[in-house]
Visitor: 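Once you've had a glance at the structure underneath, I'll fire off some questions.
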Amino acid sequence: MDFNLSEEHLAVQEAARDFAQNELLSEVIERDNTQKFDPVLTKKMGELGFLGMMVAPEYGGSGMDTLSYVIAMEEISKVDASASVMMSVNNSLVCWGLEEYGSEEQKQKYLTRLAAGEIIGAFCLSEPEAGSDATSQHTTAVDMGDHYLLNGTKNWITNGNTSSVCLVIAQTHPEKQHRGINAFIVEKGLPGFAIGRKEDKMGIRASDTHTLMFSDVKVPKENRIAEDGFGFKFAMSTLNGGRIGIAAQALGIAAGAFELSLKYSKERKTFGRPISEHQAIQFKLSEMAVKIEAARLLVYKAARTKDEGKDYIQAAAMAKLYASDVAMWVTTEAVQVHGGYGYVKEYHVERMMRDAKITQIYEGTSEIQKLVIARELLK
Ligand code: CAA
C-alpha cells in the first residue's frame, strides 16, 4: 500500500485547506448561531469544483478519484462540518448515484448542473418510521401510466430547503417488499411538493435539514432511476460511497479539534508552564494523534478500495464506524484540554463536539455499520 499522496492529491489538499481557512473559518460561529449557510459560500464551493469532485468532466465534474474527495472533505470538515455535509450529500449520494445509475438524458438534464454546483441535490430515504429500517418505506409512488403519483413524508433531509433536485425513494409494489421500491428524481416546485419545518439541531446547525412532504406529486416516468424495483439497491449502493464521505467528515472534525488542542496546549499556562508540558495533557494529545492516524488509514483504504473498483461495502462501514467514534472521543477530549474555554463557543471545540455526534447517526448509525460489517464477515 502506498502511503504517499501524489502531487495532485497534495494540490487538492492545499486548495481545500485554503478555502476552509480563508473563506469558511471567519463566520463559522456566526453560522452555527444563526443556523444559516451563506449561499455565496455554496457558489464558491461549486466554482472550486468541490461539489462534483468525482463526476467526469463531460458531465461538469472535476473527474477526480475518491481519495481526492476524502482529502478535500477532511480539510473542509476541520473547519465547518455544516459545509462538508452539504458537500458530501451532493457528491456521494446525489452526483455519484446519478452518474452511476442515471440515464444519459437524466445526466444531461440534472447531473451537469449538480456537478458544477449550479444547483444542489438532496437524498430522501429516511421517513418518520424508516430510519435504520430503510426497507419500511411508507412513501408510495403509484404507476399511473405516463407518470408516478408520489405521496408521503421524508424526514431529516440534508439540503432540504436549498436543493433544487431531490432523489426520492418510494414504494411502488408493496407486495414485493424492498424489491418493489423505486428511486425518482423529483424537482422542487412540482405541485404538491411542500417543504416542512427546519430541524433545530444539536450540531451541524448551519446545514439545512428539513421534512419534505409529497401530496399527489406527479413525477414523470422518465425521472425514475434505472429499472422498475431498483430503488432500494440504488439507495444501498449509493450509501456505501456516502459512508466514505461521512467517515472523511468525522476524520476532519477530529483532526480539526486536535490541531486546535495542540496549539492551545502550547499557549495556555498552568502551574507556571504551558499545559503541553504536563504529562496529563501529553497523554491526551498522543492518544488523539494515534486514533486520528488510524481513522485516516481506514478512510484512505476505503477510498482506494473504491477507486480500484473492488467491493468496498465493508471498508466503507469500518471507516465510518471507527472515524465517527474517534470524532466523538477526540472532540470530547479537546473540550477537556481547553478546560473552561472549551465550554464556550469562541474556541470552536464545543461546536465540533456537537457536530461530531451526527457522524455516529446519519448515513447508517454505528449499530447499522456493525450489522453491515458482520454480514460481510459472515458471507
Ligand atoms: N450495499 C448493497 N446492497 C445492499 C446493502 C449494501 N450495503 N445492504 C443491503 N443490500 C441489499 C441486500 O443485498 C438485499 O438485496 P437482495 O434483494 O438482492 O437480497 C437488499 O439490499 C435488502 O437487504 P437486507 O435483506 O439485508 O435488508 P434488511 O432490512 O435486513 O437490512 C439495512 C438493510 C442494511 C439495515 C439497511 O436498511 C440500511 O443500511 N439501513 C440504514 C439506512 C441508512 O443508512 N440511512 C441513512 C439515511 S440517508 C442520510 O442520512 C443522508 C443525509 O442526509 C446525510
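Indexing begins at 1, ligand by ligand and atom by atom, following the structure's order. We number each residue from 1, following the sequence as shown. As a basis for the values below, the full set of heavy atoms in this structure was taken, side chains included, without hydrogen atoms, waters or symmetry mates.
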Visitor: Please confirm whether Val89 comes within less than 3.5 Å of ligand 1 when only nitrogen or oxygen atoms on both sides are compared.
Guide: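 By distance alone, the answer is no.
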
Visitor: Nearest heavy atom to atom 23 (O) of ligand 1: which of Phe234, Phe123, Phe232 does it belong to?
Guide: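 Selected option, by shortest heavy-atom distance: Phe232.
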
Visitor: Examine the proximity of ligand 1 to Thr158 and report which part, side chain or backbone, both or neither, has a heavy atom under 4.0 Å away.
Guide: both

Visitor: Would you check whether Ser132 has a nitrogen or oxygen atom less than 3.5 angstrom from a nitrogen or oxygen atom of ligand 1?
Guide: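 Yes: some nitrogen or oxygen of Ser132 is under 3.5 Å from one in ligand 1.
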
Visitor: Does any N/O atom on Tyr362 come nearer than 3.5 Å to any N/O atom on ligand 1?
Guide: no

Visitor: Should Asn240 be counted as touching ligand 1, given the test is an N or O pair under 3.5 Å?
Guide: yes

Visitor: Minimum distance, heavy atoms only, to atom 28 (P) of ligand 1: which one of Gln369, His178, Arg375, Glu376 is it?
Guide: Arg375

Visitor: Do Tyr101 and Gln106 have side-chain atoms, one donor and one acceptor, less than 3.5 Å apart?
Guide: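 The criterion, which ignores hydrogens and geometry beyond distance, is not satisfied for Gln106 and Tyr101.
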
Visitor: Cation over ring, Lys221 on Tyr148, under 6.0 Å and within 45°?
Guide: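 Cation-pi check for Lys221 and Tyr148: passes.
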
Visitor: If you measure from each non-hydrogen atom of Glu363 to ligand 1, which part falls under 4.0 Å: side chain, backbone, both or neither?
Guide: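 Contact part for Glu363 vs ligand 1: both backbone and side chain.
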
Visitor: Determine, using heavy atoms of Gly131 and all atoms of ligand 1, whether some pair is separated by less than 4.0 Å.
Guide: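 In this structure, Gly131 qualifies as a contact of ligand 1 - some heavy atom is under 4.0 Å.
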
Visitor: Record the part of Leu93 in heavy-atom contact with ligand 1 below 4.0 Å; permitted values are side chain, backbone, both and neither.
Guide: side chain

Visitor: With backbone taken as N, CA, C and O and side chain as the heavy atoms from C-beta onward, which portion of Arg243 lies under 4.0 Å from ligand 1: side chain, backbone, both, or neither?
Guide: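 Near ligand 1, Arg243 shows its side chain, while the N, CA, C and O stay back.
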
Visitor: Are any of the N/O atoms on Ser237, whether in the backbone or the side chain, positioned under 3.5 angstrom from an N/O atom of ligand 1?
Guide: no

